[in-house]
Every structure is written in structure tokens, then in C-alpha cells.
Visitor: 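Input: one structure, supplied below.
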Amino acid sequence: SQQGEEDPQALSIQEGENATMNCSYKTSINNLQWYRQNSGRGLVHLILIRSNEREKHSGRLRVTLDTSKKSSSLLITASRAADTASYFCATDAWYGNKLVFGAGTILRVKS
Amino acid sequence: EAQVTQNPRYLITVTGKKLTVTCSQNMNHEYMSWYRQDPGLGLRQIYYSMNVEVTDKGDVPEGYKVSRKEKRNFPLILESPSPNQTSLYFCASSEDRDGEKLFFGSGTQLSVL
């Protein structure tokens, strides 16, 4: 069963705008990760946030984590056409060494 | 260059014909894992390995086998492929035994006719 679920399923914005994607999960976690996938290629790790952290930044990326609501958000600021990709959240369930991915958000940035 | 190498990139086969998808990493990672990706379902874990000779089932292990005889290699074996195993497969590795910060291969698109 899927642990993380992204919202929205698809997002289309203009270059320069901000993009926000959300992830909800069901069970307690140790950490939550965000990955990017370009057109059927391998996923690339973007950022990891631990359960005791509330916010983390990496370049134009900002991730928040609300463990009380079991949700996370990924904000990409000043988006570029090259940000067009699918974005996945992944959580490690407390019960093991499995990393569980959501179905992803497809982001399209129009130039 | 640090990388996870999967072969082949594309594979078309017929039902019942045994096949192996190879995976190799050059980062001396302990943790390796196989995923399959299907539209609308995201990535689902097939098997993972936390070290040599240590493997465990993921969420969808039925119809698959793996082995970890060497640290760098983690082949995925389909003894008798069926059409429902048509999918995009990814191998991944991590220096962390809990699978944090996975490095992914480029994927293997498998079609079983």
C-alpha cells in the first residue's frame, strides 16, 4: 500500500512562478524525502527532512513537514522550464527499512 | 563517476522465458533495492538488500528473485515472466542501511508478451 500520496496529480505553471506540491502519509515516519524524475529516467534525490525538523531549504527548494497532520510540502521558487518533471515524496515507515513512494506530481513549467 | 548501472535499458521477452536484469553500483554502498514503476501507482519496492547475503522482500516480491553475492551487484531475476510484470524497473543504492538518499539507475523498460 502507498504510504505517501502527492497532491495535486498535475500542475502547470509559467516560468518564474512558484510551484507547491503536497504529500500526505499514513503512519509515523523517521524521515521524508523528495525525488525528481525526468521523463521516465531514474529518480534523483532532492532533499531529506527528518521527523524532528519542521522546515528545510536547498537552493530554490523549501520543504516543510507537519508530523501532527502527517503531511509535507515541497515549494520550488522562481520555477524554470528545466524544473519540468515528476516529483515524488518517499517515506520510511517506522517498522522497517522500506522506503515507500507516492504516485507523484507531474509539474510542467511553461516558458 | 559515481553511478548505478542497469542493463539492459529495454527488454522484450515472451511469457515464461527466464531473464535477468543486472544492477551494479560503484559507490561501495551497503543498501540496494529494486523498484517497479507503473502508471498511477508510483514506485513499489520489490526486494531490498542491506548487505552481502542479506536480502528481504519489499511490497511486491511475487514472481521475482534477487541475490547479493557481492556488494556491488544486485541482479533481479524473473524465473517465469508474465505479462503483468511488464513495467519500468529501477535499481537503487544507498550508503545508508536505512535507504536514505537513494541513487537510482536509468531504468529497464520490460515488456512481457
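The chains referred to below are lettered A, B, ... by the order of the sequence lines, with proteins before strands, and numbering in each begins at 1.
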Visitor: To the nearest 0.5 angstrom, please state how far the NZ atom of B/K101 sits from the CG atom of A/L46.
Guide: 12.0 Å
Visitor: Is B/Y35 in contact with chain A via its backbone, its side chain, both, or neither, using a 4.5 Å heavy-atom distance?
Guide: side chain
Visitor: Drop me the distance from A/Q37's CD to B/F90's CZ, to the nearest 0.5 angstrom.
Guide: 4.5 Å
Visitor: Identify which part of B/Q109 has an atom lying under 4.5 Å from any heavy atom of chain A, answering side chain, backbone, both or neither.
Guide: neither
Visitor: If we ignore hydrogens and angles and just use 3.5 Å, is the side chain of B/Q45 paired with the main-chain N or O of A/V100 as donor and acceptor?
Guide: no
Visitor: Around atom CD1 of B/I12, are there more than 12 heavy atoms from other residues, nucleotides or ligands closer than 6.0 Å?
Guide: no
Visitor: Atom CD of residue position A/Q9 - does it have more than 12 heavy atoms of other residues, nucleotides or ligands inside 6.0 Å?
Guide: no
Visitor: Could you tell me if the side chain of A/L43 sits less than 4.5 Å from the side chain of B/L43, heavy atoms only?
Guide: yes
Visitor: Is there a path of hydrophobic side-chain contacts, each under 4.5 Å between heavy atoms of I, L, V, M, F, W or Y residues, that connects A/F88 with A/L99?
Guide: yes
Visitor: Is there a donor-acceptor pair closer than 3.5 Å between any side-chain N or O of A/Y35 and the backbone N or O of B/L102?
Guide: yes
Visitor: Does atom CZ of A/R54 have more than 12 heavy-atom neighbours, drawn from other residues, nucleotides or ligands, at distances under 6.0 Å?
Guide: yes
Visitor: Answer yes if A/I49 and A/L61 sit in the same cluster of Ile, Leu, Val, Met, Phe, Trp and Tyr residues linked by side chain heavy atoms under 4.5 Å apart, and no otherwise.
Guide: yes
Visitor: Considering all heavy atoms of both residues, which atom of A/A103 and which atom of B/G40 are nearest to each other, and what is their separation?
Guide: CB-O, 3.8 Å
Visitor: Heavy-atom count around A/R60 CZ within 6.0 Å, excluding the residue itself: above 12?
Guide: yes
